[in-house]
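Scroll down for the structure; my scribbles are underneath it.
Convention: sequence-line order gives letters A, B, ...; per-chain numbering from 1.
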Protein chains: 2
Amino acid sequence: MVNRRRAARTDTAPPFRADDGRWQELLDIAARIFARKGYRSTTLQDIADEFGVLKGSLYHYIRSKDELLFEVVRTVYAGGLENLRELAEAELDPVERLRAVIRGHVRYLIDNLVETTVLLHEFDQLSAENRARLPIRDYQEVVAGLVADAQADPRVKPDLDPQLTALAVLGAANWVYRWYRPDGRRSPDQIGAAYADLLVDGMLTRTGAPLDRRPRAL
Amino acid sequence: MVNRRRAARTDTAPPFRADDGRWQELLDIAARIFARKGYRSTTLQDIADEFGVLKGSLYHYIRSKDELLFEVVRTVYAGGLENLRELAEAELDPVERLRAVIRGHVRYLIDNLVETTVLLHEFDQLSAENRARLPIRDYQEVVAGLVADAQADPRVKPDLDPQLTALAVLGAANWVYRWYRPDGRRSPDQIGAAYADLLVDGMLTRTGAPLDRRPRAL
DNA sequence: GGCCCTACCAAACGATTGTCTGGGCGGGTA
DNA sequence: TACCCGCCCAGACAATCGTTTGGTAGGGCC
């Protein structure tokens, strides 16, 4: 017998997620296994085992494996972008703001290491439709905008390509997911600070005035 | 009937690869599809189709799908490391040597974009044994060594962490495989030069002497 | 007590996967 | 001519995949 309520619901929203705790648990488990084995190498069986359920029962929570990947990834995507934009609006000298952005981005990435790993590594395993809903290009444009802003400052190299510089910054920062281990020698903040100083100082001219702050328009 | 020659050969070497041209063609095709769809999403059927052969016939050239991935990746791994080490031995000022290394590494990566993509993105899909045969850590150590060398120069920040700095450099450079398109705005050499200047200048103090070369031990 | 709804089970589905077996064709070599 | 061997075909193999179906236990609510 067909459950009419259910059929009606799945038209717009995913299957039952009333028990929010259990739904979050499922997302966490999926994220961990996706991060460890890769999306395509992960079986719904793997996830169901850890979730304590038969694999068919997962369809109580999801409509497809692809949707599960998307749900894992969209939260950390949105959070990361919001985090970046908040940092970008800080009332600071443009150069110092860039430093804060890099520190904060690295910090966010490490704080959400598992989900970020899935986002960065399995992004193009998403279906075309779901991929279009997460325009990662936005990250690049935020950083490029900040670099362009900073170029109003005479301390900043005038010949920087903001897009290219943004890609270098994001590349260095995002790469962290490939090697960071919680038991490593450096703390997240140490890493963020080191990266910020390396990359931002690299944007400055070496012949200009020293690094102390001068009066500048916000 | 069992082909005795074949059984004897496969103990040490892979199956028949006498026709070297055809073998290289297979590697190229596999690399392209691996790069586009990912290793796990690629079917031997996909490869066989483009190779113009039934999928079972691929076992004339390979012993397993995993071996195929390994063969695609090991050449570009070895070439990249050799390239890096050659650049690292250039008779240059340590700071300029770092610049040359970054330019050369970016250059190599783009020149071998397809294979590099597979190496960087599908590395942990290799079997544990094959992965152990490609210690990517070596890349990091070469660059970290160069950073440490450069720190003998007073222009270079004395408080740099060579390992961390190397990871930033390699992160920025390796990330190129994620966004580079041959029809993009910047040429490979422009990208390499921009990255080299950004990253190496970021390693220099801003209070020190200007950038001209001074006499230093090689 | 009867009803509904969430959260699952039990079992199967068709499709696809990597891999293996046995054989055949055709060009070189003796 | 006879044989060998690199190259590939034809077809099957078991295993595994994501997904679907119908059913049910149990708690809350009327």
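- For D:dC8, one of the phosphate oxygens OP1 or OP2 lies less than 4.0 angstrom from a side-chain nitrogen or oxygen of B:R22.
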Q) Do A:F70 and A:Y77 pass the ring pair (Phe, Tyr, Trp, His ring centres under 6.0 Å) test, and can you show the C-alpha distance, the side-chain angles, and the key distance before you say yes or no? A) CA-CA 10 Å; A:F70 178 70; A:Y77 167 88; 9.2 Å; no
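- Between B:R103 and B:D189, none of the side-chain N atoms (NZ, or NE/NH1/NH2) sits under 4.0 Å from a carboxylate O, so this pair counts as no salt bridge.
- For A:K55, the listed nucleotide lying nearest its side chain is C:dA12; candidates were C:dA12, C:dT19, D:dC7.
- If you take CG of A:L58 and P of C:dA10, they are 15 Å apart, rounded to a whole angstrom.
- For B:Y61, counting side-chain heavy atoms from C-beta on, the closest listed nucleotide (C:dT19, D:dC7, C:dC8) is D:dC7.
- Residue B:W23 contributes atom CH2, which lies 15 Å from atom C1' of D:dG6 at whole-angstrom precision.
- If you check D:dG18, C:dC8, C:dT19 against the side chain of B:K65, the one that comes closest is C:dT19.
- Here D:dT19 presents its C1' atom at 13 Å from CD of A:E67, a figure rounded to the nearest Å.
- The side chain of A:T43 lies closest to D:dG18, out of C:dT19, D:dG18, C:dT6.
- Classification of A:E96 and A:R99 as a salt-bridged pair holds, one side-chain N sitting under 4.0 Å from a carboxylate O.
- Rounding to whole angstrom units, CG of residue B:D49 and C1' of D:dC8 are separated by 15 Å.
- A cation-pi contact, defined as under 6.0 Å to the ring centre and within 45° of the axis, links A:R22 to A:F51.
- Distance B:R40 CZ to D:dC17 C1': 11 Å, rounded to the nearest Å.
- Protein atom CG of A:D46 is 12 Å distant from nucleotide atom P of D:dT16, rounded to whole Å.
- Look at B:Y59 and you won't find any side-chain N or O under 4.0 angstrom from OP1 or OP2 of C:dC20.
- A salt bridge links A:K157 to B:D201: one of the charged nitrogens lies within less than 4.0 Å of a carboxylate oxygen.
- Of the candidate nucleotides D:dC8, D:dG18, C:dC9, D:dG18 has the atom lying nearest to any side-chain atom of A:L44.
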Q. When you look at A:E50 and A:I33, which way does the side chain to side chain contact (heavy atoms under 4.5 Å, CB included) test go after all the steps?
A. CA-CA 10 Å; A:E50 196 151 328; A:I33 308 187; 3.8 Å; yes
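- No side-chain donor from either of A:E115 and A:T75 sits under 3.5 Å from a side-chain acceptor of the other.
- Counting to the nearest Å, the P atom of C:dG23 and the NE2 atom of B:H60 are 18 Å from each other.
- Summarising the geometry, the separation between CG on B:L54 and C1' on C:dT21 is reported as 14 Å, rounded to the nearest angstrom.
- Taking a pair as Watson-Crick or G-U wobble with both distances under 3.5 Å, the runs of three or more consecutive pairs in DNA chain C are C:1-12 with D:19-30, C:15-17 with D:14-16, C:19-30 with D:1-12.
- Within 4.0 Å of B:T42, counting heavy atoms only, lie sugar-phosphate atoms of the nucleic acid but no base atom.
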